[in-house]
2 protein chains.
Amino acid sequence: MASVNPSPAREPLTRRRVLSAALDVIDRDGLDGFTMRRLGAALGVEAMAVYRHVPSKAALLDGVIEAMLAELNVGDPMPADWRGALSTLARRHRALERRHPGAYALLAGMPAAAYAAARPVVADILSSLAEGGFAGRDAARALRLVVRFTIGFALTRPSGDVPPPHSDPLGPVLAGLADPAEEDRLFEVGLAALLDGLAPAEVP
Amino acid sequence: MASVNPSPAREPLTRRRVLSAALDVIDRDGLDGFTMRRLGAALGVEAMAVYRHVPSKAALLDGVIEAMLAELNVGDPMPADWRGALSTLARRHRALERRHPGAYALLAGMPAAAYAAARPVVADILSSLAEGGFAGRDAARALRLVVRFTIGFALTRPSGDVPPPHSDPLGPVLAGLADPAEEDRLFEVGLAALLDGLAPAEVP
DNA sequence: CCGGGCGGGTTTACGGTGTAAACAGCGGTG
DNA sequence: CACCGCTGTTTACACCGTAAACCCGCCCGG
């Protein structure tokens, strides 16, 4: 017989399949609900089978990080000016977070080496920055700051709802804390401020 | 007999004592190494004893968050100008992180109500901002942005060390990634940029 | 003076976790 | 055909958060 499966036996487990299923499970059940046993179930397999393709849960999560970062390379095209490039990166990051709300938190402890998965965008942006007059070190700093601002902003979204709606000095700070529209506006304000302040020293 | 203990029996467990010991254990063993059983041991008590003073581990961690935020109220005095006030808050935050490197990550999911523990500083800063010409909504936004930038920056410190030291377009981005001095400089650059961009629209 | 409740601390137990180790079947090669 | 290496399964272990039962010393009403 040819290699066509006579019975609809499952196709073989693969590192790719494992990583992709892991991302799905995390997005569905959250990071806390993500369990090797659940991952196995999602793959139609026993938990321990996963360990044939991944050395540990931590390493698996590193793989998930890289898979997410790779998604940053696709999207509407990057503008050539540094400001546009950086804010496009930020927007892709926010889209990534919306797509993977559970897994996005993994980016906090990123292994640094994982950045390589986003090499194409990063390279584009670095060249935009160079073209825009940033010195090498300053370009790297600008990029890192935008990335960390964006990730950090997403990770620090406060949870519970606002309790004291009146006559508290904290009132204005807590108001509309959970409103997604305000969240968007806040991010845009912050990003614009950061980019303004990052512009390279003019050399007239 | 007076209330002096005849035998050096341990003094009674208290919510305060529990929270403080929890903070110690977290700082020593990290968030992952923080276990109810270990906390009990640190208090010279069985794990379940803690539950007389705290309804669950999650609630306990909320208490730890509030304890940390309360520390923001002490430190060298706050300048009256909004820029100085905000950057003093940021500096206190960074000191807090240095003091509690393990527990600081809890601030990511802060319950929003916990902000109340920092009411004094927050009130000071809001009045500085008002004095500086910020409208109510803008003042709250500026404050929230600085806080989230600062916390987010701390939480997104990349872990592993830099692998490709040469001839990679990513070279400059990964270089000196783990150097604490560069980390400080990066933070100062970002904070300055953010504050610059946040200045209220001038009304001449 | 006593007895009883009760509040703080301990013991035991349960279902869940990550994963080490032994095992089972199956395909390809001598 | 015998064997071996891969892949997946089973079993087992130590540890986790916490529910429930228990135990004991103190305080208070009679």
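Proteins get letters first, then strands, A, B, ... in listed order; numbering begins at 1 in each.
Rounded to whole Å, the distance from CD on A:E46 to C1' on C:dT19 is 14 Å. The nearest whole Å value for the distance from the CZ atom in A:R38 to the P atom in C:dG16 is 10 Å. One atom, OH of B:Y51, and another, P of D:dA21, lie 18 Å apart when rounded to the nearest Å. Summarising the geometry, the separation between CG on A:L31 and P on C:dT17 is reported as 15 Å, rounded to the nearest angstrom. Protein atom CG of A:D32 is 11 Å distant from nucleotide atom P of C:dG18, rounded to whole Å. Look at CZ on B:F34: it is 14 Å from C1' on D:dT18, rounded to the nearest Å. To the nearest angstrom, P of C:dG8 lies 14 Å from CZ of B:R17. Between the CE atom of B:M36 and the P atom of C:dA13 there is a distance of 21 Å, rounded to whole Å.
A donor N or O paired with an acceptor N or O is not found under 3.5 Å between the base of C:dG16 and the side-chain atoms of A:R37.
For residues 45-59 of chain B, no pair satisfies salt bridge (charged side-chain N to carboxylate O under 4.0 Å, His left out), with sequence neighbours left out.
Looking at A:S20, its side chain never comes within 3.5 Å of a backbone N or O of A:R16 through a donor-acceptor pair. Checked by atom type and distance alone, the side chain of B:N73 pairs as donor or acceptor with a backbone atom of B:A70 at under 3.5 Å.
Along DNA chain C, the nucleotide nearest to A:P55 and the one nearest to A:T35 differ in position, and the one closer to the 5' end is contacted by A:T35.
With rounding to the nearest 0.5 Å, the separation of CG in A:L89 from CG in A:D124 is 10.5 Å. The CZ atom of B:R148 sits 6.0 Å away from atom CG of A:L186, with the distance rounded to the nearest 0.5 Å.
For C:dG9, the OP1/OP2 oxygens have a side-chain nitrogen or oxygen of B:H53 closer than 4.0 Å.
Between A:D196 and B:D196 there is no side-chain heavy-atom pair separated by less than 4.5 Å.
Look at A:E188 and A:R185 and you find no salt bridge, because none of the NZ, NE, NH1 or NH2 atoms lies under 4.0 Å from a carboxylate O.
Of all the residues in residues 56-65 of chain A, A:S56, A:K57 reach under 4.0 Å from DNA chain C with at least one non-hydrogen atom.
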Identify all pairs in which a protein N or O lies below 3.5 Å from an N or O of nucleotides 21-26 of chain C, and state each distance.
none

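Between B:F149 and B:F187, the ring planes are parallel. Angles under 30° get that label, and only those over 60° would be called perpendicular.
No hydrogens or angles considered: a donor-acceptor pair under 3.5 Å links the side chains of A:S87 and A:R91.
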